[in-house]
Amino acid sequence: MELVRILLSRSKPYTSYVIAVLLLQALSTAATLYLPSLNAKIIDKGVAQVDIDYIWRTGGIMLVVAFVQVLAAIAAIWFGSRTAMGLGRDLRSEVFRRVTRYSAEDMSNFGTATLITRGTNDVQQIQMVYMMILNFMVTAPIMSIGGIIMAIREDAGMSWLVAVSVIVLLAAISVIIVRLMPLFRAWQGKLDVMNGTLREQIAGIRVVRAFTREEHESERFRTANRDLTNLSLKVGQLFVLMFPIITVILNVATGAVLWFGGHRVDDGLVEVGSLTAFLQYLLQILAAVMMGTFMAMMLPRAVICARRITDVLEHDPSIVEPATPLTPERSEGVVEFDNVTFQYAGAEAPVLHDVSFTATPGTTTALIGATGSGKTTALSLIPRLYLPTKGRVLLDGTDIADMARGDVVKRVGLVPQKPYLFSGSVASNLRLGAPEASDEELWAALRVAQADFVEDLDMHISQGGTNVSGGQRQRLSIARMLVARPLVYLFDDSFSALDVLTDAAVRDAMREYTAEATTIIVAQRVSSIVDADQILVMDAGRVVARGTHEELLESSETYREIVESQKTSEVA
C-alpha cells in the first residue's frame, strides 16, 4: 500500500524518535492499565478494612504511576509531533524538488492546480495520519488486549460483555468507514477542480473584466464550491453519526456492567472494587477500539493522498539528466539544428518538420512567420525545455540532450514570450541568473534595456510583476538575461510590448553589449529584424525561406506577403 510504503521509506531519518515514541506510549499505556487495579485494591482492602496506612501507601503508588503516565504521554506526543512535522517537511521538499525537475510537458500533464494541492493539502493529510499512527499504534493494541486480560482477571464471568460491546462498536464504525472511502476519493478530485477554477480566474481576471464575464465566472466558482461543499456535508454527516453511536454503545455497556455486576456483587461472586475495575477496563477497551476506528476512518483519505503524492514522486520526467554528461570542448555559443522534428505529446502531427539552421557568435538569427508556425517551439528546444522528437539540437558541437542541465543554462539565456517577475526587488530579480553580479552590472543592464523607470534597485516588484506595465516587465526581463551574460541570447517575441522608438533604442544598445554572442530572435514585426544576419521564414513548422531582409524580399513570396501586410496595417 502506498501509504505504508511512503511512511516506511520517509521515516528512516527519524528512527530514534519513532522508537522513543513507541516505548513511551507503551510505558504510558501500561501505567494506565495498572491504575484501575490499584484502585480496586484500595476499595476492597483499604476501605473495607479501614486500613488508613494501606490506603496512603497504595494511593502514593497510584500517584507515582499517574505521574509517570502523564510524563510518558507528554514526551510521546512531543516526539511524535516532531517526527510527523519532519515527515511533512521532507515530503513537501521532495514533491517540490521533483516538480522542479519536470519539463514543460510534464507540468502540462499534471496541471498546476493539482500539483499545488498535492504538495500542500495531501501532504498535510499524511502528516496528520502519521501523527495519529504514532500516538495510537502502540496505545490502542496494548490498551485493548491488556484491558481484556485485566478485565478477565477481575471478573471472568462478565467477559462476554466485553466481546459483545467490541463487536457492536466495530460493526457500527465499519459501516461508516465503508461509506466514507469513495467520498474521500471524490473529495480530493473536487478540491482540485475548485483550486484550478480559482487559480484560472485570478490569473485571467483582466480577460474576465474585459469581456464583462464576472457573473459567468462567479457562477463557475459557485458551482465548483457548491459541489465541494455538498460532498463535505456528506462526509460531515457520516462523521457526526460516529460520536452518538459511540456514546450510546459506551453508555449501554456501562449500564450492562452495573446491572449484571450488581447482581454478581449481591450474590457474592465479585467484590465492589473488582466490579469498579472491570467497568474501567471495559471503558478503556472501548476507548482503544474507538481510537483505532477513528484512525481507520482517517486512513481512506490518507491513502488517496498517498497515491496522488506517489504519482508525483514516481513520475519519470520526460527530460532527464544524462548518466555521463558531455561538456563541449569549446565555449563559443554556436547553435545548430540538425533536421529537427518535434511533436507535442498527444498531438496528431508534428509542430516542426526537418528544421535545419546554424547560428554563430556575433550574428543575429531571426525567426518570423504566421502564428502557429512553430517559432516559439523551435526556440524552446535550445534551452532544453523540450527534446526533439527526431534530429538533434547542437550547442558548440554537442547535443544538448547529452549535456548537463546546469551547463546548458550557463550558456543559454531566454526571455520568454510571457515575461515573469518574482516578488521582491528589482535587484533580486536581476540577480536570478547571476547572484554575484554587482550593482554596477545591474545598472548597466538596465540602461541597455532602456529601463529608465527604475530609480532604485530596491524598488518593490510584486508577484508576477503586476505592479509594472507589460513593457516594463519585458525590459526588466531583458535586463535580467543581460546580467547573466550567456553565450546565446534567445528573445521570444520579447519586444512586442515596446513602442517602435523604444524597440529601436533597445536593439541599438544591445548591439554592442551582445556583439560577441549568438542572438536568436522570434519576432512579429519585420522592422525589428531588418538588420538580422539571417532571417528564417517559417510556415506550418517548416523553414520555407532564409536569407537577409533584402534577399528575402527578392526570393520569398511568403516574406513579401508578411512585409506588405504590415505596411498595410501601418497605413491603416
Side-chain angles (χ1 to χ4, degrees), residues 96-97 99-104 106-107 317-338 340 357-365 376-388 392-417 419-422 424 426-446 448-449 476-492 494 510-522:
F96 179 78
R97 187 187 68 83
V99 169
T100 56
R101 294 171 55 192
Y102 285 173
S103 66
D106 299 321
M107 293 293 293
S318 56
I319 300 176
V320 297
E321 286 287 290
T324 54
L326 301 179
T327 302
E329 296 180 357
R330 61 184 190 274
S331 297
E332 299 175 355
V334 178
V335 176
E336 181 180 356
F337 273 55
D338 181 16
V340 170
F357 69 89
T358 301
T360 57
T363 65
T364 298
T365 299
T376 296
T377 301
L379 208 68
S380 299
L381 295 175
I382 301 173
R384 210 170 73 180
L385 300 181
Y386 299 94
L387 287 178
R392 299 183 301 166
V393 177
L394 304 175
L395 182 57
D396 286 329
T398 303
D399 193 334
I400 61 166
D402 298 328
M403 297 175 60
R405 174 67 179 162
D407 201 6
V408 175
V409 171
K410 288 179 181 178
R411 296 166 184 262
V412 179
L414 170 67
V415 180
Q417 198 171 32
Y420 189 88
L421 300 176
F422 293 88
V426 170
S428 65
N429 274 275
L430 296 186
R431 288 195 172 101
L432 280 177
E436 71 287 350
S438 64
D439 289 352
E440 290 74 15
E441 291 174 308
L442 301 187
W443 283 116
L446 290 170
V448 172
L476 287 175
S477 297
I478 292 171
R480 179 170 59 194
M481 187 176 66
L482 294 176
V483 170
R485 300 303 291 258
L487 299 175
V488 181
Y489 291 84
L490 306 178
F491 297 94
D492 186 7
S494 307
M510 282 179 51
R511 190 170 291 112
E512 180 180 353
Y513 198 89
T514 63
E516 298 180 358
T518 302
T519 303
I520 303 178
I521 301 173
V522 168

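Side-chain atoms are counted along with the backbone in the values below, which use heavy atoms only and exclude waters and symmetry mates.
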Handout entry: Residue pair Asp396 / Arg330: nearest heavy atoms and the distance that separates them
Key = OD2-O, 3.3 Å

Handout entry: Gln417 side chain near Leu379 side chain, heavy-atom distance below 4.5 Å
Key = no

Fill in the blank from the handout: Leu476 and Leu430 have their tightest heavy-atom pair at O-CD2, 3.6 Å

Handout entry: From Leu381 atom CG to Ile400 atom CD1, the distance as rounded to the nearest 0.5 Å
Key = 6.5 Å

Completion exercise
Hits for side-chain hydrogen bond (donor to acceptor under 3.5 Å, both in side chains) against Thr327, two or more places apart or cross-chain, chain-then-number order -> none

Practice task
Any salt bridge (Lys or Arg N to Asp or Glu O under 4.0 Å) involving residues 431-442? Give me the pairs, sequence neighbours left out, ordered by first then second residue.
Solution key: Arg431-Asp439

Problem - Side-chain heavy-atom pair Thr364, Tyr489 within 4.5 angstrom cut-off - result: no

Exercise for the section: Identify which one of Pro325, Pro328, Pro322 satisfies the side-chain contact (heavy atoms from CB on, under 4.5 Å) criterion when paired with Met403. Expected result: Pro328

Problem - Distance in Å, Leu490 CG paired with Thr376 OG1, rounded so as to fall on 0.5 Å steps - result: 11.0 Å

Practice task
List in chain and number order the residues that pass salt bridge (Lys or Arg N to Asp or Glu O under 4.0 Å) with Asp407, two or more places apart in sequence or in another chain; answer none if no residue qualifies.
Solution key: Arg411

Exercise for the section: Using the test salt bridge (Lys or Arg N to Asp or Glu O under 4.0 Å), find all partners of Asp402 that sit at least two apart in sequence or belong to another chain. Expected result: none

Exercise for the section: Work out which heavy atom in Pro317 is nearest to a heavy atom in Arg101; give both atom names and the distance. Expected result: CB-O, 3.9 Å

Exercise for the section: Verify the neighbour count for atom CZ of Arg405: are there more than 12 heavy atoms of other residues, nucleotides or ligands below 6.0 Å? Expected result: yes

Exercise for the section: Report yes if some heavy atom in the side chain of Ser477 is under 4.5 Å from a heavy atom in the side chain of Leu421; otherwise report no. Expected result: yes

Practice task
Check ring pair (Phe, Tyr, Trp, His ring centres under 6.0 Å) between Phe422 and all other residues, then give those that pass, not counting sequence neighbours.
Solution key: Tyr420

Handout entry: Phe357: partners by ring pair (Phe, Tyr, Trp, His ring centres under 6.0 Å), with sequence neighbours left out
Key = Phe337

Practice task
With sequence neighbours left out, write down each residue that passes salt bridge (Lys or Arg N to Asp or Glu O under 4.0 Å) with Glu336, or none if nothing qualifies.
Solution key: none

Handout entry: Under the salt bridge (Lys or Arg N to Asp or Glu O under 4.0 Å) test, residues paired with Glu321 that sit two or more places apart
Key = Arg384

Exercise for the section: Identify, with sequence neighbours excluded, every residue that meets ring pair (Phe, Tyr, Trp, His ring centres under 6.0 Å) alongside Tyr386. Expected result: Phe342, Tyr344

Practice task
Applying side-chain hydrogen bond (donor to acceptor under 3.5 Å, both in side chains), name anything that partners Ser380, two or more places apart in sequence or on another chain.
Solution key: none

Practice task
Please answer whether the main-chain N or O of Ala359 pairs with a side-chain N or O of Thr365 as donor and acceptor at a distance below 3.5 Å.
Solution key: no

Anything under 3.5 Å between a donor and an acceptor, one on a side chain of residues 514-521, the other on a protein residue two or more places apart or in another chain? List them.
unit_1: Thr514; atom_1: OG1; unit_2: Met510; atom_2: O; d: 2.7
unit_1: Thr518; atom_1: OG1; unit_2: Gly333; atom_2: O; d: 2.5
unit_1: Thr518; atom_1: OG1; unit_2: Thr360; atom_2: O; d: 3.4

Problem - Between CG on residue Leu326 and OG1 on residue Thr324, distance to nearest 0.5 Å - result: 6.0 Å

Handout entry: With sequence neighbours excluded, residues passing side-chain hydrogen bond (donor to acceptor under 3.5 Å, both in side chains) with Arg511
Key = Asp508

Exercise for the section: Answer whether the closest heavy-atom distance between the side chains of Leu487 and Val412 falls below 4.5 Å. Expected result: no

Exercise for the section: Would you check if the side chain of Tyr513 reaches a backbone N or O of Leu482 as a donor-acceptor pair within less than 3.5 Å? Expected result: yes

Practice task
Could you grab the distance from atom CG of Leu414 to atom OG of Ser494, nearest 0.5 Å is fine?
Solution key: 7.0 Å

Practice task
Determine whether Ile382 and Leu395 make a side-chain contact, defined as any pair of heavy atoms from C-beta on separated by less than 4.5 Å.
Solution key: no

